[in-house]
**Student:** 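Sharing a structure here in C-alpha cells format.
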There are 2 protein chains.
Amino acid sequence: MTTDPVRKPHASLETLERGRLRRIQIVEAATELFAHAGYRGTGLAGIAAQVGVTQAGLLHHFGSKEALLEAVVRHRSEQDAPLIEEIMGDGGLGMLDRLHLLAEHNVERAGLSLLFTVLVAENLLPSHPANDFFVERYRSLRRAIVAGLKAGQKRGEIRKGVDLEAVSTRIVAALDGLQTQWLLDPDEVDLVRSYRELGASLRRELAA
Amino acid sequence: MTTDPVRKPHASLETLERGRLRRIQIVEAATELFAHAGYRGTGLAGIAAQVGVTQAGLLHHFGSKEALLEAVVRHRSEQDAPLIEEIMGDGGLGMLDRLHLLAEHNVERAGLSLLFTVLVAENLLPSHPANDFFVERYRSLRRAIVAGLKAGQKRGEIRKGVDLEAVSTRIVAALDGLQTQWLLDPDEVDLVRSYRELGASLRRELAA
DNA sequence: GTCTATATAGGGATAGAC
DNA sequence: GTCTATCCCTATATAGAC
C-alpha cells in the first residue's frame, strides 16, 4: 500500500492531495467502526457518512469492502511498527522491561487494541479475507521475539537451554490474552500493571 | 435455560421430546455456524436449513436470534463445566499438570474453541448482546483459579507472597492467547505441547 | 410445530450523470 | 471525485394458514 504521490504524474497536485486525504479519512473512520462492530457488522454506508460522502463515493476510492479492510490493517501495522521496534530494542532482558510502553500505548488508544482483537477473531480461518495477513503477522512477531531472546543469550543476559520458540509463543499469547481480558473488563484488569508483572515474571524465568 | 419437561404438563410426551430434539439440533447447528462466520456473519436461514426447517420454523423455538445466541453459549458452558471441574480438582500444583486435558479437549473439538474465541471478540463491548455472559465467565474463571492456588498455598505446595489475582489473570490470558495462535496457525503452534510447557513453566514459578 | 407470505430493513456493488 | 439511482441479495421478525 505505497501511497507515493509520484505514481500519478498526470493528476494535479491539488487533486492528489484531496484524494489522499479522503482515503486517510475513510481508513480512519473504518478503523473505528470495524473495531466496534467488526468487519461483518459494519456497513460501508456508516463509514461513508462519518466522512461526509455517500457509499458510492467511498467505493470510488476503495473498489470493494475487502480492499478497504486491507488498507485498514496495513495502515495500522505501519503506525505500530516504530513502537514495536522501540520495545524490541537490541533484544535481551530489556525487551521485557519495556512491555509497559506497549500497554500504555494500547490504553491511550483503546480503539486500536479493540480493532485488532476483533479482526483477528474474524479472520482465524483460511477462508476469511484477512487470514493471510494475521497468520504472517503472528509468525513475524514470534520470530522477532526469538531473535531478541537469542541476542540476549549471546550477551549472557538470558539463560541457555530454554526453548525460545515456545517462550516467544507464550509471550505473544500472554500479551494478547491480557489485552482481551482488559478490553472485556477494564474495571477488574489493569493492562499496564498486568504487562509490568508479566515482564517481571518473564525476567525471573529467563535471566541467566 | 432449564429445559425441564414438567414445565408444560398439558403437552403430550411425544410433542415434548420432538420439541426438545429440535431445539438441540438448532443449537448445535448454530454453534457450528457461529464458530465459522461469527454471530453477525451467520443468518438464521442457514442454521434452519442445516436442521431441515425454514427460518420461520426456527424462530418458533427461539423467539429471536439473540435468544438463540444465549442458548448456544449456555449450552456450551454446561457441556464444558465437568472438564473444568476435573482440571481444577482440589487445586494446587495438580491443576497445572492437568492443563493438557483442556488442550486435548480443545483439539478434539476445534470448532468449540473457535466458537468461544469468535464470540468473545464479538462481545467485548457492553453494548454487545452477550457481553454480560463473557464478563461474568472470565471473572468466575479467574476466581476459581485463585481459589485453587490458595488451596495449594494452604497445603504448602505453592509459595506464599505471590499475587494470586495477577497470576490467575496471567494463566487465563496464556490459555486464551495460545488457543488463538493455534487456531490461526495450527501448523506452527501445537496446542497440547504449548499447554504442557505453560503448566511446567507455571510450576517452576509457583512451587514452594 | 411448521409452513408460506410478507413487512421492513440493510447489505455491497455498478451505471451513468454532473 | 462525487452524486443519484438502481440491482440484487440477504437479513430478522411477524401474521396467519394448515
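Chain naming here is simple, since letters A, B, ... match the order of the sequence lines and numbering starts at 1 in each. Computed over heavy atoms, backbone and side chain alike; hydrogens, waters and symmetry mates excluded.
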**Student:** Could you state the atom-to-atom distance from CD1 of Ile26(B) to C1' of dT12(D) in whole Å?
**Tutor:**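 The distance from CD1 of Ile26(B) to C1' of dT12(D) comes to 15 Å, rounded to the nearest Å.
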**Student:** Under 4.0 Å from any atom of DNA chain C, heavy atoms only: list the residues of residues 48-60 of chain A that qualify, in numerical order.
**Tutor:** Gln55(A), Ala56(A), Leu59(A)
**Student:** Before you tell me yes or no, could you show the steps for Glu104(B) and His100(B) under side chain to side chain donor-acceptor pair (under 3.5 Å), namely the whole-Å CA-CA distance, both residues' side-chain angles and the distance that decides it to 0.1 Å?
**Tutor:** CA-CA 6 Å; Glu104(B) 282 154 11; His100(B) 68 99; 3.2 Å; yes
**Student:** Measure from CG on Leu33(B) to P on dT12(D) and round the result to the nearest Å.
**Tutor:**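 The answer, rounded to whole Å, is 11 Å.
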**Student:** Does any part of the side chain of Phe62(B), heavy atoms only, come nearer than 4.5 Å to the side chain of Leu69(B), both counted from C-beta?
**Tutor:**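 Heavy-atom side-chain distance check fails, nothing below 4.5 Å.
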**Student:** Given dA11(D), is OP1 or OP2 found less than 4.0 Å from the side-chain N or O atoms of Arg40(B)?
**Tutor:**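 Answer no for this pair, as no side-chain N or O of Arg40(B) is under 4.0 Å from OP1 or OP2.
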**Student:** Between C1' on dA13(C) and NE2 on His61(A), what's the gap in Å once rounded to a whole number?
**Tutor:**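 It is 16 Å, rounded to the nearest whole Å.
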**Student:** Check Gln181(B) against Ala173(A) and note the closest heavy-atom contact, atom names and distance.
**Tutor:** NE2-N, 3.2 Å
**Student:** Using a 6.0 Å distance limit plus a 45 degree cone around the ring axis, check whether Arg137(B) lies over the aromatic ring of Phe116(B).
**Tutor:** yes
**Student:** In whole Å, I'd like the distance from the CZ atom of Phe62(A) to the P atom of dT14(C).
**Tutor:**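 Phe62(A) atom CZ is separated from dT14(C) atom P by 16 Å.
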**Student:** Choosing from dT12(D), dA13(C), dT2(D), which nucleotide comes nearest the side chain of Lys65(B)?
**Tutor:**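 Side chain of Lys65(B) sits closest to dT12(D).
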**Student:** Choosing from dG11(C), dT12(D), dT2(C), which nucleotide comes nearest the side chain of Ala45(A)?
**Tutor:**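 Selected nucleotide: dG11(C).
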**Student:** Kindly confirm or rule out a cation-pi arrangement of Arg74(A) over Phe133(A), judged by NZ or CZ under 6.0 Å from the six-membered ring centre and within 45° of its axis?
**Tutor:**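 No, a cation-pi geometry is absent between Arg74(A) and Phe133(A).
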**Student:** For the residue pair Arg40(A) and His36(B), what are the closest heavy atoms and their distance?
**Tutor:** NH2-O, 4.1 Å
**Student:** Rounding to a whole Å, what distance do you find between Leu44(A):CG and dT2(D):P?
**Tutor:**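 The answer, rounded to whole Å, is 15 Å.
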